Amino acid sequence: MSTDTSSVLKSEAPSHEIIIASSLAERQQCLDIRIEVFHREQKFPLETEIDDLEDQATHFLLRLIPSLTPIGTIRGFRVPNKSYYKLTRLAILKDYRKYRLGRELVLALHNWVMQDCHNHTEDTASENPRTTPSPTTVDIVTHSQLYIKPFYAKFGYEPEGDEFDEDGDPHQKMVLRLPV
Ligand SMILES: CC(C)(COP(=O)(O)OP(=O)(O)OC[C@H]1O[C@@H](n2cnc3c(N)ncnc32)[C@H](O)[C@@H]1OP(=O)(O)O)[C@@H](O)C(=O)NCCC(=O)NCCS
């Protein structure tokens, strides 16, 4: 279902910013990008695009400045009752690929994970001051479409287990042990 296989980078990215989508309108802009990329372009079913993690996830919006035109998104969350995070729904509109903007979104998500992990450790330590060691790494898991595994590998994500079907397309679980 992928459409984009060349790895030649373009020269200069247009002016842009990455924000955490906090208003309903910004969240909708993230969703619109996902529908454009995953459903219209890659032909994944529309009904699988929204899952029950939408509300607990942190959504990042990449947009042009000064126009504020939305062009990319990524989503992250700490997996409930677990100590690892998930990176999901990374998408850049087709015309804006290969400017290293996908890379910027991943790095923004990593920074957020480090901060969130730190906050979580502090909260847990204040509840159990003597029993809570600080972690040195935190795992981030993503389910990569096969064509884009080399992109994730550039950040240190490593394949774990066998390929599997997700929403009708083969995927590979990839895990990054992020130092915190
Ligand atoms: C995946 C995606 C977000 C990458 O965004 P992008 O902005 O084009 O990627 P970048 O320009 O930041 O690329 C970063 C690095 O990855 C490499 N890369 C990008 N796309 C690649 C591809 N298809 N295959 C191999 N390498 C790739 C770039 O060459 C660059 O390498 P470098 O840092 O060594 O120079 C974009 O292709 C996309 O939106 N695809 C459709 C949605 C999708 O498949 N999402 C992933 C779901 S698992």
Side-chain angles (χ1 to χ4, degrees), residues 1-21 26-51 53-54 57-65 67-77 79 84-113 139-178:
M1 294 192 185
S2 59
T3 50
D4 178 1
T5 50
S6 144
S7 61
V8 179
L9 283 167
K10 295 173 191 160
S11 50
E12 206 174 318
S15 297
H16 60 278
E17 64 178 4
I18 295 175
I19 61 161
I20 289 183
E26 289 161 353
R27 288 269 303 269
Q28 185 61 46
Q29 290 175 332
C30 293
L31 185 58
D32 290 345
I33 291 167
R34 286 161 41 184
I35 290 172
E36 175 60 33
V37 171
F38 295 119
H39 178 58
R40 294 209 186 91
E41 179 188 342
Q42 295 191 328
K43 311 295 180 207
F44 283 96
L46 188 55
E47 56 273 20
T48 58
E49 192 42 50
I50 298 181
D51 61 21
L53 294 155
E54 291 294 328
T58 296
H59 303 257
F60 294 78
L61 179 63
L62 167 67
R63 58 190 186 183
L64 299 178
I65 47 175
S67 68
L68 304 188
T69 306
I71 59 166
T73 189
I74 194 171
R75 192 181 80 161
F77 54 89
V79 176
Y84 66 94
Y85 288 77
K86 277 198 80 177
L87 176 168
T88 63
R89 305 301 197 266
L90 168 62
I92 303 270
L93 294 181
K94 208 168 186 175
D95 287 350
Y96 295 97
R97 291 184 197 151
K98 300 291 164 56
Y99 283 115
R100 288 219 168 84
L101 295 171
R103 177 185 163 78
E104 280 188 43
L105 277 174
V106 171
L107 295 178
L109 184 104
H110 288 178
N111 284 336
W112 171 80
V113 166
D139 285 1
I140 306 182
V141 174
T142 193
H143 292 175
S144 174
Q145 293 177 40
L146 299 189
Y147 88 101
I148 206 70
K149 281 169 62 180
F151 169 87
Y152 288 114
K154 285 178 190 286
F155 301 91
Y157 285 81
E158 291 181 353
E160 216 177 83
D162 296 331
E163 293 169 13
F164 59 94
D165 178 274
E166 190 169 87
D167 304 328
D169 202 46
H171 283 70
Q172 171 73 57
K173 177 180 177 182
M174 297 190 76
V175 183
L176 173 68
R177 308 238 129 76
L178 182 72

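Everything numeric in this text was worked out from a predicted model, so none of it was measured. Counting starts at 1 for both ligands and their atoms, following the listed order. Residue numbers count from 1 along this sequence.
Selection from Lys154, Arg103, Glu166 by nearest heavy atom to atom 15 (C) of ligand 1 gives Lys154. Taking each of Leu105, Leu87, Val37, Leu9 in turn, the one with a heavy atom nearest to atom 42 (C) of ligand 1 proves to be Val37. Nearest-residue assignment for atom 47 (C) of ligand 1 (options Glu104, Gln145, His171; heavy-atom criterion): Gln145. Nearest-heavy-atom check against atom 10 (P) of ligand 1 across Arg100, Lys94, Gln42 picks out Arg100.
No donor-acceptor pair under 3.5 Å is formed between the side chain of Thr69 and the backbone N or O of Leu64. Side-chain atoms of Thr73 come within 3.5 Å of backbone atoms of Phe60 as a donor-acceptor pair (strictly under, hydrogens ignored). Between the side chain of Gln172 and the backbone N or O of Gly161, at least one donor-acceptor pair lies under 3.5 Å.
Distances below 4.0 Å separate heavy atoms of Tyr99 from the following atoms of ligand 1: 11 (O). Heavy-atom contacts of Leu101 reach the following atoms of ligand 1: 7 (O), 12 (O) (cutoff under 4.0 Å). When each atom of ligand 1 is checked for a heavy atom of Tyr152 under 4.0 Å away, the hits are 46 (C), 48 (S).
At a heavy-atom cutoff of 4.0 Å, ligand 1 is contacted by the side chain of Phe38 but not by its backbone. Contacts of Leu90 with ligand 1, taken as heavy-atom pairs under 4.0 Å, involve both backbone and side chain.
Checked against a 3.5 angstrom limit, the closest N/O atoms of Gly102 and ligand 1 fall inside it. Checked by distance only, ligand 1 and Ser144 stay at 3.5 Å or farther apart across all their nitrogen or oxygen atoms. Any N or O atom pair closer than 3.5 Å counts here, and Ala91 shares no such pair with ligand 1. Of the N or O atoms in Lys98, one or more lie within a sub-3.5 Å distance of an N or O in ligand 1. Below 3.5 Å of separation, one finds an N or O of Ile92 facing an N or O of ligand 1.
More than 12 heavy atoms of other residues, nucleotides or ligands shown are found within 6.0 angstrom of CG on Asp165. The number of heavy atoms from other shown groups lying within 6.0 Å of CD (Gln28) is above 12.
A salt bridge between Arg89 and Glu49 is present, with a side-chain N of the basic residue lying under 4.0 Å from a carboxylate O of the acidic one. With salt bridges taken as basic N to acidic carboxylate O contacts below 4.0 Å, one links Arg177 and Glu160.
In this view, Tyr85 and Trp112 satisfy the ring-ring contact (aromatic ring centres under 6.0 Å, His included) rule, not counting sequence neighbours.
His171 and Tyr152 have their aromatic ring centers separated by at least 6.0 angstrom.
When side chains are defined from C-beta on, Glu17 counts as touching Leu68, because their heavy atoms get closer than 4.5 Å.
Ligand 1 has His143 within reach: a non-hydrogen atom of the residue lies less than 4.0 Å from it.
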